[in-house]
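These notes are about the structure you will find just below.
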Number of protein chains: 2
Amino acid sequence: MKRIAVDMDGVLADVYSQFIKYHERDFGDYLKPEDLIGRSELEVFPNGRNYVTSKGFFRNAPVIAESQRVVSGLNREYDLFIVSAATEFPQSLTEKQYWLNEHFPFIHWRQMVFCGSKEIIDASLMIDDHFKNLDKFKGDTILFTQPHNLLTADTRHRRVHSWSDIEQILL
Amino acid sequence: MKRIAVDMDGVLADVYSQFIKYHERDFGDYLKPEDLIGRSELEVFPNGRNYVTSKGFFRNAPVIAESQRVVSGLNREYDLFIVSAATEFPQSLTEKQYWLNEHFPFIHWRQMVFCGSKEIIDASLMIDDHFKNLDKFKGDTILFTQPHNLLTADTRHRRVHSWSDIEQILL
């Protein structure tokens, strides 16, 4: 069965709305997705590193639209793994798994990977919003649109704008 | 550079002495390594599942003899990853990374993987004490001796009894 590695932050977990919420709390400044285009979180949010290391940032992230329904479908058809680059922030690890357990209860703990570099991941297809993960991956790739990746040419990866797009491709 | 995936529990972290210590605390019964031969932890320790889900079990595990010195050497010569099956116990994830950060400070967070199944790991060599991880691995394998694996024939994997053995093979 074809193995798919699905990213978490920016693909399942809407961490960008968390950044925007925390930033508004700190600066009274509500940033729109357009303000984030082509820029990394740590460029946009001066306190970004404090946010991601604060308790609850990952645990309380909203779920990206339609991801639960489509991932549930993928889970029936493919050898699915959720692969999150998480070890940069050790305290996030347990939070991230509890988040997955709550929002994606059909994903077994055997299907979860929390790592640093994704170079060690062996799969046929990777779905991710970061070029740094996709560029080094040997298999097929799907780039999940987020404001930060909008300005980079994506000729090497198939770009999708939603989980409905992924559903149409894979299911 | 050849990539090596090194297991944590039973290879770097001496979780067996933790089981023995907790069991003695609960039952006043000190088990020796010989008592563990050929049996899984959950067979030997009736409260084993409580131990591994209790705070501090992984965080306070002793370090296996000579592992720091030899892993430090491997880290200079190979593309090294520490790969721990950890997601069965979500609260262990952060503890395990803090343990690595303390005892193996030369291991970068990019080199850490906390997963469920190791089938998704792409490496040339895996060092592990569990057949369930080694048997499905496509690359070379080294079986690290622990009492639980002593009675199983290890014809498919090269058995070592210490980190000095690994040093002689790889360095």
Side-chain angles (χ1 to χ4, degrees), chain A residues 1-8 52-53 55-59 78-105 107-126 130 132-133 136-139, chain B residues 1-8 52-53 55-59 78-105 107-126 130 132-133 136-139:
Chain A
M1 203 192 304
K2 188 175 173 176
R3 182 179 296 151
I4 304 182
V6 177
D7 183 31
M8 236 176 117
V52 295
T53 56
K55 196 170 157 64
F57 180 87
F58 292 102
R59 183 66 187 88
Y78 297 92
D79 179 19
L80 193 75
F81 279 79
I82 310 299
V83 180
S84 179
T87 51
E88 187 174 2
F89 308 113
Q91 86 298 336
S92 77
L93 293 166
T94 295
E95 282 201 10
K96 285 187 161 198
Q97 185 165 352
Y98 285 142
W99 186 94
L100 276 178
N101 290 348
E102 177 185 347
H103 298 294
F104 293 81
I107 301 289
H108 194 276
W109 57 260
R110 286 193 184 84
Q111 297 171 266
M112 301 177 187
V113 181
F114 301 100
C115 57
S117 160
K118 296 191 182 181
E119 288 179 60
I120 198 168
I121 298 303
D122 178 22
S124 307
L125 169 66
M126 180 175 280
H130 278 288
K132 68 183 175 196
N133 295 323
K136 292 179 179 172
F137 185 67
K138 290 171 208 148
Chain B
M1 203 192 304
K2 186 175 175 176
R3 180 178 299 151
I4 303 182
V6 177
D7 182 31
M8 235 175 118
V52 296
T53 56
K55 195 170 158 64
F57 180 86
F58 292 103
R59 182 67 186 87
Y78 296 93
D79 180 21
L80 193 76
F81 280 78
I82 309 300
V83 180
S84 179
T87 52
E88 186 174 1
F89 307 112
Q91 86 297 337
S92 78
L93 293 166
T94 296
E95 282 202 11
K96 285 187 161 200
Q97 184 164 353
Y98 285 142
W99 186 93
L100 275 179
N101 290 348
E102 177 185 347
H103 298 294
F104 294 81
I107 300 290
H108 193 276
W109 56 260
R110 285 193 185 83
Q111 298 170 266
M112 300 176 188
V113 181
F114 301 100
C115 58
S117 161
K118 296 192 182 181
E119 287 179 61
I120 198 169
I121 298 303
D122 178 21
S124 308
L125 169 67
M126 179 174 281
H130 277 288
K132 67 183 175 196
N133 295 323
K136 292 179 178 172
F137 186 67
K138 291 173 207 146

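Residue numbers begin at 1 in each chain, while the letters A, B, ... track the order of the sequences. Just so you know, these numbers use all the heavy atoms, side chains as well, and skip hydrogens, waters and symmetry mates.
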Side chain, backbone, both or neither: which part of A/Lys138 has an atom under 4.5 Å from a heavy atom of chain B?
->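 The side chain, not the backbone.
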Whether [X] side chain and [Y] backbone form a donor-acceptor pair below 3.5 Å:
X	Y	result
A/Thr87	A/Cys115	yes
B/Arg3	B/Asp122	yes
A/His130	A/Lys132	no
B/Gln111	B/Ile82	no

Does the side chain of B/Asp7 come within less than 4.5 Å of B/Lys118's, by heavy atoms?
->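 B/Lys118 reaches B/Asp7 side chain to side chain.
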Taking C-beta and beyond as the side chain, do A/Phe81 and A/Ile107 meet within less than 4.5 Å on heavy atoms?
->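 No; the side chains remain at least 4.5 Å from each other.
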Quick one: OG1 on A/Thr94 to CD on B/Gln97, what's the gap to the nearest 0.5 Å?
->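 It comes to 10.0 Å.
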CD1 of B/Ile120 to CD1 of A/Ile121: how many Å apart, nearest 0.5 Å?
->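 Answer for the CD1-CD1 pair, B/Ile120 versus A/Ile121, is 4.5 Å.
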Top of B/Glu88, B/His108, B/Lys96 for chain A proximity - count of heavy-atom pairs under 4.5 angstrom =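 Result: the option with the highest number of such pairs is B/Glu88.
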Contact leader toward chain B among A/Ser92, A/Ala85, A/Pro90, where contacts are heavy-atom pairs under 4.5 Å =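 The residue among A/Ser92, A/Ala85, A/Pro90 with the greatest pair count is A/Pro90.
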With chain B as the partner chain, list the residues of residues 98-105 of chain A whose heavy atoms fall under 4.5 Å from it, by residue number, and write 'none' if nothing qualifies.
->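 At a heavy-atom separation under 4.5 Å, chain B is reached by A/Tyr98, A/Asn101.
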What part of B/Glu119 is in contact with chain A, defined as an atom under 4.5 angstrom from a non-hydrogen atom: side chain, backbone, both or neither?
->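 Looking at B/Glu119, backbone and side chain both touch chain A.
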